[in-house]
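Notes follow the structure.
Side chains included, hydrogens not; waters and symmetry mates left out as well; all remaining heavy atoms used. Quick note on labels: first sequence line is chain A, next is B, and so on, each numbered from 1. All values derive from a computational prediction rather than experimental measurement.
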Amino acid sequence: MSMFYISLLIGVLALDTTIAFQVLIAQPIFSCSIIGAALGDFSAGLEIGLMMQLLWLNIVPSGATRFPEGNLASMVICAGAILFELPQYPNMSFALIVLVGIAVSYVGMRVTIWQRRSNDVVFGRVLTAIEAVQPGKIVAFNALAILTYFLAMSLLAFVSLGGIKLGIDYMMPILSEQIEGSARFLKPGIWAIGITLVGRMIYRNFIKKG
Amino acid sequence: MASEKLNMMKATSLGFMDYFRIFWRSFFIQAVWNYRSMISIGFGICLLPLMRRLYKEPEAQHAFLQRHFRFFNSHPYMASYALGVSAKLEEAIADGDEDAIHRLPKVKELMISLLGARGDQLFWCILKPFSLLAGVSVLLLVSGLVPTMTVLIVTFLVYNIPHFYIRYSGIREGYEHGIDVYKCLYRERFQLMKDIYTNVGMISFVVIGGMVIYRYVAVDADIAIAFLIVGVTAFLSDYFTGNSYLTLSLGVIMALVAGLFL
């Protein structure tokens, strides 16, 4: 599956975070497995999904909360790793992909805020539709909002994957065995971050409160 | 007395297909989430099939749209209770109950904080993290395509069975109990479910910790040291700043730095 189609798949799965369904299909263990299967490497997708899941587990997507788009970031990391990871330098290329993923989680959050602000304009149009008693138009605005978010997230995924490809192409000539060796603790490190964050969440929400 | 009167009216007039239409549309309740009216557009869209059934005149439809598209917020799953109550009151309004017109906005307003608090606590703070933790822990223990797929499906169901139940039964209970629906939303109602998920989640977290140490950390002293350094960095960053981006970036950078020196 090409970068274009995988970006569209990421866009569809990203809808699940807040826009539609919310059945957890966008959570890394599910979405990365799906992306892995779509790219022909289910086990690699699952492995990345397991690693990423703990990083974003403490996110509460309630109301007007601004939260990192961890689900989108995990999907980009997974697709980037399967598509572009260099077999001779797996750790260093994965480090670059993870750093891009963290940036994606921030940009994704900004895109969500932008979409919610643009929905304020949609609300104004809905009020006009109410005055004219046009319920069909209101349903159309609803569909348009879903389509806008899907396109925005697909575009962000596409640009991020393009950035990962460029970054890896640029990095390849300067990589060496020594630099690769310095990234050998990255995967255990990500597990360490995940376990720490989940441990803090459990302590804060349950142990401290009794 | 007024609540009894409302509960007596057309108690069975909402059929399975009506429930299903509202239930299906409720999956898109947050699609047009905005800062001015929160989830009101999605909420109103869920009730549009009811509007078409109850009101034929444009004036009545206009009044209906005015009542439901102004402002509303709730946890997306728990909003189903408000949908059920609104359907009940709309039927009363269609039957000519003037009282219901004034009650509807008040009831919806009162439900905002109750449904938000119950839903956030039950789903976002307990069911979501702990079902996913349980899934991750079992996935670390199994291997092979079929067992892995089975665990993924079971994890999906462990979360979504209560999710679908609340979405559907919320509409039903809201409709059946009318404005007395708050009696269905007492805190202790979900306590057993919360306790089960919390305990399973805690055990799962211990299993994940053990599996990660067994698989990735205990194989090499250097890895164990790097694991500790990154863990302590993430802890300090999260404790002092609470900034996710900073915590993750610092952790990744510290893992790379540890690789240079160990």
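- Considering only heavy-atom pairs separated by less than 4.5 Å from chain B, the leading option among A/Arg200, A/Arg184, A/Arg117 is A/Arg200.
- Aromatic ring centres of B/Phe130 and A/Phe206: separated by under 6.0 Å.
- Listed for the B/Ser237 side chain is no donor-acceptor partner under 3.5 Å among the backbone atoms of B/Thr233.
- With a threshold of 4.5 angstrom between heavy atoms, A/Leu147 does not approach chain B through any atom at all.
- Of the listed residues (A/Glu131, A/Met201, A/Gln115), the one with the most heavy-atom contacts under 4.5 Å to chain B is A/Glu131.
- Test B/Leu140, B/Val138, B/Leu139 against B/Val136 for side-chain contact (heavy atoms from CB on, under 4.5 Å) and you get one pass: B/Leu140.
- Residue A/Pro61 touches chain B through both its backbone and its side chain, counting heavy-atom pairs closer than 4.5 Å.
- Atom-to-atom distance recorded for A/Ile113:CD1 and A/Met109:CE is 5.0 Å, nearest 0.5 angstrom.
- Contacts of B/Leu256 with chain A are made by both backbone and side-chain atoms, with heavy-atom separations under 4.5 Å.
- Using a 4.5 Å cut-off between heavy atoms, A/Ser33 touches chain B through its side chain atoms alone.
- Under the 3.5 Å distance criterion, the side-chain polar atoms of B/Tyr197 are left unmatched by any main-chain donor or acceptor of B/Leu122.
- When each of A/Ala145, A/Ala183, A/Ser62, A/Ala132 is checked for heavy-atom pairs under 4.5 Å with chain B, A/Ser62 comes out on top.
- Within the 4.5 angstrom heavy-atom criterion, atoms from both the backbone and the side chain of A/Val139 approach chain B.
- Put simply, the side chain of A/Gln22 gets close to the backbone of A/Thr17: a donor and an acceptor are under 3.5 Å apart.
- Contact of B/Ser40 with chain A is made through the side chain alone, with heavy-atom distances under 4.5 Å.
- Interface check for chain B: of the options A/Val60, A/Leu186, A/Ile102, the most heavy-atom pairs under 4.5 Å are formed by A/Ile102.
- For A/Asp120 (side chain) and B/Asn34 (main-chain N/O), no donor-acceptor pair under 3.5 Å exists by modelled atom type.
- Aromatic ring orientation, B/Phe27 versus B/Trp24: tilted (interplanar angle from 30° to 60°).
- The two residues A/Gly167 and A/Leu96 come nearest to each other via the heavy atoms C-CD2, 3.7 Å.
- Using a 4.5 Å cut-off between heavy atoms, B/Thr148 contacts chain A through its side chain alone, with no backbone atom that close.
- Of the two parts of A/Leu197, only the side chain, counted from C-beta on, holds a non-hydrogen atom closer than 4.5 Å to a non-hydrogen atom of chain B.
- Proximity to chain B (any heavy atom under 4.5 Å) is restricted, for A/Gln53, to the side chain, taken from C-beta onward.
- Contact annotation for B/Phe123: neither backbone nor side-chain heavy atoms come within less than 4.5 Å of a heavy atom of chain A.
- Options B/Val232, B/Leu133, B/Ile29, B/Ile39 differ in how many heavy-atom pairs under 4.5 Å they form with chain A, and the most are formed by B/Leu133.
- Taking the six-membered ring for Trp, B/Phe28 and A/Phe21 have ring centres closer than 6.0 Å.
- Note that CG of A/Leu57 and CD of A/Gln27 are 7.0 Å apart. Values are rounded to the nearest 0.5 Å.
- Heavy atoms of B/Gln66 lying under 4.5 Å from chain A belong to its backbone as well as its side chain.
- Heavy atoms closer than 4.5 Å to chain B are found nowhere in A/Tyr149, neither backbone nor side chain.
- Heavy-atom pairs under 4.5 Å with chain B were tallied for A/Ile25, A/Leu55, A/Ile202, A/Leu24; the largest tally goes to A/Leu24.
- For a residue to count as touching a neighbouring chain, one of its non-hydrogen atoms must lie under 4.5 Å from one of that chain's; by this rule B/Val252 touches chain A with backbone and side chain alike.
- When each of B/Ile41, B/Asp220, B/Thr198 is checked for heavy-atom pairs under 4.5 Å with chain A, B/Ile41 comes out on top.
- With a 4.5 angstrom heavy-atom cutoff, A/Val23 touches chain B via backbone and side-chain atoms both.
- Proximity of A/Thr148 to A/Trp114: side-chain heavy atoms (C-beta onward) are separated by under 4.5 Å at one or more points.
- Only the side chain of B/Phe205 comes within less than 4.5 Å of a heavy atom of chain A; its backbone N, CA, C and O stay farther away.
- Ranked by heavy-atom pairs under 4.5 Å with chain A, the list B/Gly135, B/Gly231, B/Ser131, B/Ser244 is led by B/Gly231.
- Between chain A and the residues B/Met254, B/Arg70, B/Arg167, B/Met149, the most heavy-atom pairs under 4.5 angstrom are made by B/Arg70.
- Interatomic distance, CD of B/Gln61 versus CG of B/Leu54, reported as 10.0 Å (0.5 Å rounding).
- Ranking A/Asn91, A/Ile130, A/Val122, A/Val133 against chain B, the residue ahead of the rest is A/Ile130, based on heavy-atom pairs under 4.5 Å.
- Side chains of A/Glu180 and A/Gln88 form no contact here, defined as non-hydrogen atoms less than 4.5 Å apart.
- Here the straight-line distance linking atom CD1 of A/Ile48 with atom CD1 of A/Ile29 works out to 14.5 Å at 0.5 Å rounding.
- A/Leu127 touches chain B through its side chain: at least one heavy atom from C-beta onward sits under 4.5 Å away, while N, CA, C and O do not.
- Proximity of A/Glu69 to A/Thr112: side-chain heavy atoms (C-beta onward) are separated by under 4.5 Å at one or more points.
- A heavy-atom distance below 4.5 Å is found between the side chains of B/Ile112 and B/Phe71.
- Using a 4.5 Å cut-off between heavy atoms, A/Met51 does not touch chain B at all.
- Only the side chain of A/Thr196 comes within less than 4.5 Å of a heavy atom of chain B; its backbone N, CA, C and O stay farther away.
- Only the side chain of A/Leu54 has a heavy atom closer than 4.5 Å to any heavy atom of chain B.
- Under a 3.5 Å cut-off, the side chain of B/Ser249 and the backbone N or O of B/Leu246 do not form any donor-acceptor pair.
- Ring geometry, B/His68 versus B/Phe64: the interplanar angle falls from 30° to 60°, so the pair is classed tilted.
- Looking only at heavy-atom pairs under 4.5 Å with chain A, the residue among B/Leu262, B/Leu48, B/Asn73 that has the most is B/Leu262.
- Contacts of B/Asp238 with chain A are made by both backbone and side-chain atoms, with heavy-atom separations under 4.5 Å.
- Of the listed residues (B/Gly42, B/Gly119, B/Ala234), the greatest number of heavy-atom pairs within a distance under 4.5 Å of chain A belongs to B/Ala234.
- Interatomic distance, B/Ile45 CD1 to A/Asn142 CG, rounded to the nearest 0.5 Å: 3.5 Å.
- Taking non-hydrogen atoms and a 4.5 Å limit, the residue list of residues 156-164 of chain B in contact with chain A, ordered by number, reads B/Phe156, B/Tyr159, B/Asn160, B/His163, B/Phe164.
- The distance from atom CD1 of A/Ile195 to atom CZ of B/Phe235, rounded to the nearest 0.5 Å, is 15.0 Å.
- Relative orientation of the B/Phe43 and B/Phe72 rings is tilted, given thresholds of 30° and 60° on the angle between their planes.
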